[in-house]
Trainee: 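Once you've had a glance at the structure underneath, I'll fire off some questions.
The analysis underlying the following values was restricted to heavy atoms, covering all of them including side chains, and did not include hydrogens, waters or symmetry mates. Each ligand, and each atom within it, is numbered from 1 in the order the structure gives.
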Amino acid sequence: MEKQELQKLRDLPIEGVAERLGLQVSRHKCLCPFHDDHHASLSFSVRTNRYRCFVCGASGGSIDLVMHLLKKDFLDACHWLADANNVLIQTDAPHGPGAVSQSASTLGGQTPTFDPTRYARFFEHPFLSEPARHFLFEERKLDERVIRWCRLTSWRDRKGVDWLQIPYYDREGHLIGIQNRLLSKGDLPRFRFPYGAQCSIYNLPVLNRLQQGEALYITEGCSDCWAMLSAGHKAIAIPSATLLKQADKALLSTLNSELSTAFHMYPDRDEPGERLFLQLQKVLSNLEHHQLPPGCKDFSEYYVLTKSEKVL
Ligand SMILES: [Zn+2]
């Protein structure tokens, strides 16, 4: 697809796109379709032409909204947008540096495909830029061995914006998806959704190292997972509970029955955190609840605090 044509789709007014998708927009807000929302948490910025949910963190532009709401891959979402808005586009597989953040797909294919051969090499020799090292080792005080295990790498896009690139692997160690996290401060959303069809649990390879009866910590999102690993625990991360697939729940139940895995969780100190815990507890009846101390909203903050106290 040509860049100019893609831009036409990105420039479609985000609120109009939302309305075409059936969302009821009022005063630049609507109920968030990505979590169980009762307070119109999703807001639209007319200036940046993006949406963002302050509860579950969902964010993006017009194409992202179609992709995530209709569960379409990138090209199918572009086609849908073009059709719905009478924009004429010429199609081709995504290419160039910008394509890094988009999953390639076959035209008209039913299932989104992710071609790991295009991206696997980025993670073979991970490179951490200065902003990445600052974030990981100074701000978050993470263990270098954990970052190597997770194969985090960094890159700078054509606009000079620094990103941390997070690979998702299956249990056999095959790359199945990629997530980008913003390193610099700015208007952009901090996290982009993981791209790739199957990446809903993060750090699956750690499951192969689990011993009988060993503890497994479950975190919400990969940042907390890195902190948990750095604290010496085996950990996986899951996306928001609404995005947890049936297959993931089945996998966790299997661990429970086969390895007698003891599950632990430090839910975020907020309502969605507690809700996620309760939802997971329905699948994992032995999931143990740990309370974060007051003033720590998530495990990353708690971890940084414990590291600083040891230094003092
Ligand atoms: Zn939301």
Trainee: Distance-only criterion, 3.5 Å: show the donor-acceptor pairs between side-chain atoms of residues 280-290 and protein atoms not counting sequence neighbours.
Mentor:
{"unit_1": "Asn286", "atom_1": "ND2", "unit_2": "Thr261", "atom_2": "O", "d": "3.1"}
{"unit_1": "His289", "atom_1": "NE2", "unit_2": "Glu274", "atom_2": "OE1", "d": "3.2"}
{"unit_1": "His289", "atom_1": "NE2", "unit_2": "Glu274", "atom_2": "OE2", "d": "3.2"}
{"unit_1": "His290", "atom_1": "NE2", "unit_2": "His264", "atom_2": "ND1", "d": "2.8"}

Trainee: Could you enumerate the protein N, O or S atoms under 2.8 Å from the Zn ion (ligand 1), written like residue then atom name?
Mentor: Cys32 SG, His35 ND1, Cys53 SG, Cys56 SG
Trainee: For Ala237 versus Gly221, what's the shortest heavy-atom pair and its separation?
Mentor: CB-O, 3.2 Å
Trainee: Who passes side-chain contact (heavy atoms from CB on, under 4.5 Å) against Ile147, sequence neighbours left out?
Mentor: Leu128, Leu136, Phe137, Leu142, Leu152
Trainee: Which side-chain N or O atoms in residues 204-211 pair as donor and acceptor under 3.5 Å with protein atoms at least two apart or in another chain?
Mentor:
{"unit_1": "Asn208", "atom_1": "OD1", "unit_2": "Arg171", "atom_2": "NE", "d": "3.4"}
{"unit_1": "Asn208", "atom_1": "ND2", "unit_2": "Arg171", "atom_2": "O", "d": "2.6"}

Trainee: Hey, is Glu144 close enough to Arg133 for a salt bridge, meaning N to O under 4.0 Å?
Mentor: yes
Trainee: How far apart are the closest heavy atoms of Cys225 and Ala235, and which atoms are they?
Mentor: SG-O, 3.6 Å
